[in-house]
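Below is one structure, written out as structure tokens, with a few remarks after it.
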Amino acid sequence: MGDKAESEVLMDTSWRVVGSTQDRLRAWWCSCCTLKKRLPILGWLPRYSLGWLQMDLIAGMTVGLTAVPQVLAYAEVAGLPVQYGLYSAFMGCFIYCIFGTSKDVTLGPTAIMSLLCASYIDGDPVYAVLLTFLSGVIQLSMAILQLGFLLDFISFPVIKGFTCAAAITIGFGQVKNILGLQHIPQQFFLQVYYTFHNICQTRVGDLVLGGVSLVLLVLLKLMKEDLRPNEADAPICVRVSRGIVWFFGTARNALVVIAASCVAYACDVSGYEVFTVTGKTSQGLPPFSAPPFTETTWNGTVIPFDEITQDLGSGLVVIPLIGLLESIAIAKAFGSQNDYRIDANQELFAIGLTNIMGSFVSAYPVTGSFGRTAVNSQTGVCTPAGGVVTGVIVLLSLAYLMPLFYYIPKAALAAVIICAVAPMVDCSVIIKLWRVKKLDLLPFLVTFLLSFWEVQYGIVGGIAVSGFMLLYNIARPKLKVSDDDVLVVALDNGLNFPASEYISNVLYTEALLVSPPRSAILDCHHVNNIDYTVVNEIRDLLRQFDLRGVCLVFSGLSIAVLEVLLAAELPGLRHMDSVDAALQSLSGNKAFN
């Protein structure tokens, strides 16, 4: 007997040891999974190979050659000195490599974000850097609180309306640089008026250079798009020529800007001031320092932090949200295209941290760039490490090439911007919305038109219209009414408190105000939850039906809804599994009566 007891104790002890070991292994596995989720680099770095390195180097260099001239141009859109475009272009490359969940996304200045910033910072670098820091704090807080779902309330028509209007605004805003005009206001309608008013002041050199740059950019893009992939048995000369065309098409922005700068330099050396050039820029890497929380004006007046935040106003909401929306939309699009999934909240974390750290190197707010991400993907990038190569190229440009940026013609940068934003004007979306659902044109048009007044008004207006349409559909659900001896009302969607009064009025009008009053069946098989307001409305309806000697029967109630109604102890509550069962029940009562 003692041996048996001893063996049972040993067995129990061994099971406890095994159970404890399993618990520790499970806890360790969960910790590893959590760490990999927070640091996605741990997921791909152990598997990194020489083949991946080769592809990442090619993609990173290609994107770098695309990024440098673009970000210089986008700084102009933001109303900042061109070096701020480069200040903003490298931090995201390094941070996203560690924390990002998409292999394709490239963070940095974009046309839309630059336009939005221009409307809030008024060309003030201090305001721009502080806006970057505050935007990053807001974005990081949203990631920690798992608030990424808020972006789902911005509908597709609002996004497209904003994108189309922003592209037109940005594109037309560069016409003044193509024409070499000075002192043109930033507001779109004033910009249109004064551009045509001062068109007689056009500088021929800028016009010719801008026009040639546009033509070259378009031709190089078309050549790349028409390029067929290399065939395995193709002659070496064919493959080399296709490679050259591919390189020129991919690096077209950098090549055109370099060529235009050489022309401008040659003219300057010859003593001819033919073109409007970028001018003197700050040389070297930006100092790493905390973002400024106050500003001292030229006359010694100190603008405190609270006054700066008041001046930034709605920008503290618009800039973080649009930045997140643009970046996550791009990440999802390329994740779907290349067969991988992204973590939206981790993307929020990456872009928020990028903006916070970017503010320490004088960056203005950044987000995902569609154009550069497309180049990254098409070049065959394998991991986010390609962004590190892009970041290094930007840093090298800052360290060694800044004196050369003096000679970059503004007309050439304007051509780069116009070609970058032109594909964003998607006129076909209007036809698609008209065919699919005409009512969705309303938020699109509201956003599109208001964005020409102020971009933030367009976004807010479009969201408000979309929200009203959503609430209207909730408050006025579609009802399928069958008119017979018994009124049958079928709900096509859920039953929420905004709709309770509407449904109550339909039942009251169609069943109780007729002569004689008749019973009604409310088909609720689409209703998954109800609230206390709906319960109170049902209580009143049951009383009204009882006073007139008729019945209100519910059919198809889910277990969750039925539990709520039973807990409310509603007098006279009747429910059946189906409409047919309810009809039979009412017919039986009628025969009995």
Side-chain angles (χ1 to χ4, degrees), residues 32 35-71 86 89-108 224 227 229-232 234 236 239-240 242-255 285 327 330-331 333-343 346-347 350-351 353-354 357 366 368-401:
C32 288
L35 187 61
K36 283 184 178 180
K37 188 175 182 180
R38 297 300 170 219
L39 293 172
I41 189 174
L42 298 178
W44 55 264
L45 189 59
R47 299 180 286 113
Y48 203 75
S49 64
L50 191 61
W52 286 6
L53 176 62
Q54 180 182 357
M55 297 305 297
D56 287 345
L57 282 172
I58 294 172
M61 292 176 64
T62 304
V63 175
L65 291 173
T66 304
V68 171
Q70 269 194 349
V71 299
L86 293 173
F90 65 85
M91 186 61 74
C93 298
F94 300 110
I95 290 179
Y96 195 83
C97 176
I98 300 172
F99 297 101
T101 60
S102 169
K103 72 178 182 66
D104 300 300
V105 167
T106 299
L107 297 183
K224 183 185 175 183
L227 192 65
N230 277 323
E231 299 172 359
I236 185 78
R239 283 183 284 175
V240 169
R242 285 177 179 170
I244 293 173
V245 172
W246 176 87
F247 173 78
F248 275 79
T250 302
R252 59 186 179 275
N253 291 333
L255 295 175
L285 301 176
S327 187
I330 291 169
F334 282 90
S336 175
Q337 177 180 312
N338 296 322
D339 197 24
Y340 62 85
R341 294 187 65 83
I342 67 156
D343 183 337
Q346 185 63 25
E347 291 292 304
I351 189 173
L353 186 60
T354 294
M357 296 306 298
V366 302
S369 166
F370 186 86
R372 296 193 295 277
T373 299
V375 171
N376 208 22
S377 177
Q378 292 166 6
T379 314
V381 71
C382 295
T383 70
V388 175
V389 181
T390 300
V392 169
I393 290 176
V394 174
L395 288 173
L396 290 174
S397 300
L398 274 167
Y400 301 108
L401 301 180

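With rounding to the nearest 0.5 angstrom, the CG atom of Asp339 is 10.5 Å from the CZ atom of Arg341. Taking CD1 from Ile98 and CG from Leu42, the interatomic distance works out to 10.0 Å, rounded to the nearest 0.5 Å. Going from atom CD1 of Ile95 over to atom OG1 of Thr354 covers 4.5 Å, rounded to the nearest 0.5 Å. Atom CD1 of Ile342 sits about 4.5 Å away from atom CD of Glu347, to the nearest 0.5 Å.
Residue Ile393 comes nearest to Gly60 through the heavy atom pair CD1-O, 3.9 Å, listed as atom of the first residue, atom of the second, then distance. The shortest non-hydrogen separation linking Pro40 to Gly100 is CB-O, 3.3 Å. The heavy-atom pair separating Asn376 from Ala59 by the smallest distance is OD1-CB, 3.5 Å. Of all non-hydrogen atoms in Phe99 and Leu353, the two that sit nearest each other are CE1-CD2, 3.5 Å. Closest approach of Ala89 and Val71 over heavy atoms only: CB-CG1, 3.9 Å. Nearest heavy atoms, Arg252 versus Lys224: NH1-CD, 4.4 Å.
In this structure a side-chain-to-backbone donor-acceptor pair under 3.5 Å is missing from Asp104 to Thr373.
At least one side-chain heavy atom of Leu395 sits less than 4.5 Å from a side-chain heavy atom of Phe94. Counting heavy atoms from C-beta on, the side chains of Leu107 and Ser327 come closer than 4.5 Å. Proximity of Tyr96 to Ser102: side-chain heavy atoms (C-beta onward) are separated by under 4.5 Å at one or more points.
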Could you tabulate the donor-acceptor pairs under 3.5 Å formed by side-chain atoms of residues 48-57, not counting sequence neighbours?
| unit_1 | atom_1 | unit_2 | atom_2 | d |
| --- | --- | --- | --- | --- |
| Tyr48 | OH | Asp56 | OD2 | 2.7 |
| Ser49 | OG | Trp52 | N | 3.3 |
| Asp56 | OD1 | Cys382 | N | 2.8 |
| Asp56 | OD1 | Thr383 | N | 3.2 |
| Asp56 | OD2 | Thr383 | OG1 | 2.6 |

